[in-house]
K.L.:
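Got a structure for you, written out below as C-alpha cells; questions coming shortly.
In what follows, every heavy atom counts, from backbone to side chain, and hydrogens, waters and symmetry copies are set aside. We're numbering straight along the sequence, starting at 1.
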Amino acid sequence: MIDRLLRLRKYLSARKSDAFLICGEANRYYLSGFAGAGVLLVTEEKTHLVTDGRYREDAQRAAQAGCGEISIVCREQGEDLPVTVGKLCQETHLKRVLAEAEHLSVAAWKKYKTALGCGRLIPSQGVIEGMRLVKSREELAAIRRAAQISDAAFQTVLPMFQDGVREMEISLELERQMLLRGAAGTAFDFIVASGLRASLPHGGATTRPLAAGELVVCDFGAVWEGYHSDTTRTLVVGGKPSPRQTELFELVRLAQESALDVLRPGVPAEEVDAAARRVLNDAGLGDAFVHALGHGVGLEIHEEPRLRTTSRTIVEEGMVVTVEPGIYLPGWGGIRLEETVAVTAGGPDILTKAGKFLSI
Ligand code: ZN
Ligand code: ZN
C-alpha cells in the first residue's frame with residue numbers, strides 16, 4: 001500500500017498539487033484497505049481517512065494493517081463530510097486539492113467547493129483507475145481465489161439444469177454455495193436467462209421454470225478480499241442440444257479461442273476484440289454480437305481496460321480481463337462464454353476453469 005501512496009504523491013508533485021481527495025469506493029480501498037464509508041485525503045506527508053463513528057474500529061484496523069501512516073479523522077455528529085474535509089484542508093493549509101470528478105455527484109462537488117474555498121478543488125479523472133490496471137501478485141491471488149470459489153459453486157449446481165427448475169433456484173443455490181465457501185459476496189446479480197430470454201445479454205434470474213431443450217445463459221462470479229471473478233456458461237436444459245445450438249456454441253467457443261490466441265502483452269486491446277468479432281462476422285453473425293469482447297476485473301466487476309473496437313489501450317502483463325463473445329438472436333435465444341484471464345508474458349492465464357460444455 002505504501003508503494004501506491006508513493007506513486008500518488010509523485011503524481012501530486014508533477015501536477016503541483018497539495019492533496020488528492022479520493023471518493024471512489026474501490027479507489028479508497030485500494031489505497032487504504034478500508035472498506036467502510038468515508039473519503040481519503042492524501043497529502044504530501046500524510047494520509048487522512050475521514051469517516052464517522054460507525055466505522056472508527058474498522059478504520060483503526062485498516063490503518064494498523066496498512067502502511068502505518070494513516071491518521072483517522074471522524075466527522076462530528078450531524079456534520080456533513082465535506083465540512084469536515086474542508087476544516088482539515090484549512091488547518092493543514094492545502095491550496096490545490098485534486099478530487100475524483102467521476103466519483104462525486106454535482107451536489108457533492110458543490111458542497112466540497114464551498115467547504116474548501118474558492119478555486120481550491122480541481123477535477124481529476126482516472127488516476128487511481130490507471131494505477132489499478134496492472135495487478136500485483138497479491139491482487140492476482142485474490143482474483144484467482146474468487147474464481148476457484150465460483151468454479152466450485154458452479155460445479156454443484158450443474159445437476160439443476162433440468163426441466164421445471166426455476167432460474168431463481170439456480171441463482172440462489174449458486175450464491176449459497178459461494179458464501180458457504182467463504183466468498184465475501186457475489187460479484188453482481190447473477191444472470192440466469194433461459195429459453196427466449198437467453199437473447200437478453202443481461203437477463204437477470206426470474207422465477208421462470210426451465211424447459212427441456214432450451215438454452216440457459218448463466219453469468220456469475222464471487223468476491224474474495226474485495227476482488228471479483230466473472231464467468232459465463234451456456235447449457236442446454238436436460239442435455240440433447242439441437243444441431244443449430246451445437247453449431248452456434250462451437251462458433252462462440254472458436255471466437256473466444258481466437259481472441260485468447262492474440263491476448264498477450266503489447267497487443268492493442270482493439271485487436272483482441274477484432275479477433276473474436278472476425279469469427280462471428282465471417283459466419284454472418286457479427287450483428288448478433290452486441291457488446292464489447294471484455295472488460296477489466298479487479299476491485300470492481302467492470303473496470304479498465306476495455307477490450308472493444310474503440311479501445312486505445314495496449315495490453316500489458318498483469319492486466320486481468322474477461323473474454324466474453326456472445327450471440328443474441330431475439331426469438332431464438334443466445335449463447336455466451338466468458339473467462340476471467342490474467343495476461344502474462346507467456347500468454348493468457350485463464351483463471352476461471354469451470355467445464356465448458358453445452359450439455360451435461
Ligand atoms: Zn459476466
Ligand atoms: Zn463480464
K.L.:
Can you confirm if the NZ or CZ of Arg145 lies within 45° of the ring axis of Tyr227 and under 6.0 Å from the centre of its six-membered ring?
P.N.:
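That pair does not qualify as a cation-pi contact.
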K.L.:
For the residue pair Arg28 and Phe34, would you count it as a cation-pi contact if the rule is NZ or CZ under 6.0 angstrom from the ring centre and within 45 degrees of the ring axis?
P.N.:
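No, Arg28 does not sit over the ring of Phe34.
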K.L.:
Testing Thr322, Val321, Val320, Ile143 for side chain to side chain contact (heavy atoms under 4.5 Å, CB included) with Asp230, which one passes?
P.N.:
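Result: among Thr322, Val321, Val320, Ile143, Thr322 is the only option passing the side chain to side chain contact (heavy atoms under 4.5 Å, CB included) with Asp230.
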K.L.:
I'd like to know if Arg312 and Glu270 make a salt bridge, using a cut-off of under 4.0 Å between side-chain N and carboxylate O.
P.N.:
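Judged by the 4.0 Å cut-off on N to carboxylate O distance, Arg312 and Glu270 do form a salt bridge.
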K.L.:
So with a 6.0 Å cut-off around CG of Asp287, is the heavy-atom count from everything else above 12?
P.N.:
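Atom CG in Asp287 is not crowded, with 12 or fewer foreign heavy atoms closer than 6.0 Å.
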K.L.:
Any salt bridge linking Glu69 with Arg9? Criterion: basic side-chain nitrogen under 4.0 Å from a carboxylate oxygen.
P.N.:
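Salt bridge flag = yes for Arg9 with Glu69.
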K.L.:
Just by distance, no angles: are the side chains of Glu324 and His295 close enough, under 3.5 Å, to form a donor-acceptor pair?
P.N.:
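Indeed, the side chains of Glu324 and His295 share at least one donor-acceptor pair under 3.5 Å.
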K.L.:
So that I can tick it off, tell me whether Arg166 and Glu173 are bridged by a salt bridge, with the cut-off set at under 4.0 angstrom between side-chain N and carboxylate O.
P.N.:
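No, Glu173 and Arg166 are not salt-bridged.
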K.L.:
Is the shortest side-chain N to carboxylate O distance from Glu339 to Lys353 below 4.0 Å?
P.N.:
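The answer is no: the pair does not qualify as a salt bridge.
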K.L.:
Got a salt bridge between Glu300 and Arg132, using NZ or NE/NH1/NH2 to carboxylate O under 4.0 Å?
P.N.:
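Between Arg132 and Glu300 there is a salt bridge, with a charged N closer than 4.0 Å to a carboxylate O.
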K.L.:
Before accepting this row, confirm whether a basic side-chain N of the pair Arg144/Asp349 lies closer than 4.0 Å to the acidic partner's carboxylate O.
P.N.:
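Yes, Arg144 and Asp349 are salt-bridged.
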K.L.:
Do NZ/NE/NH1/NH2 and the carboxylate oxygens of Arg306 and Glu304 come within less than 4.0 Å?
P.N.:
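A salt bridge is present here (some side-chain N lies under 4.0 Å from a carboxylate O).
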K.L.:
Can you confirm whether more than 12 heavy atoms, excluding those of Asp189, are under 6.0 Å from its CG atom?
P.N.:
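For Asp189, atom CG is not crowded (no more than 12 foreign heavy atoms under 6.0 Å).
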K.L.:
Does Glu214 pair with Arg208 as a salt bridge, N-O distance under 4.0 Å?
P.N.:
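So Glu214 pairs with Arg208 through a salt bridge.
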K.L.:
Assess the side chains of Gln60 and Arg56: does a donor N or O sit below 3.5 Å from an acceptor N or O?
P.N.:
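Arg56 and Gln60 do not have a side-chain donor-acceptor pair below 3.5 Å.
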K.L.:
Please determine whether a side-chain nitrogen of the Lys or Arg among Glu57 and Arg61 lies less than 4.0 Å from a carboxylate oxygen of the Asp or Glu.
P.N.:
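Judged by the 4.0 Å cut-off on N to carboxylate O distance, Glu57 and Arg61 do form a salt bridge.
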K.L.:
Check this for me, if you would: do Asp52 and Arg75 make a salt bridge, where the nitrogen-to-carboxylate-oxygen distance has to be below 4.0 angstrom?
P.N.:
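Looking at Arg75 together with Asp52, the answer is yes, because their closest N to O distance falls below 4.0 Å.
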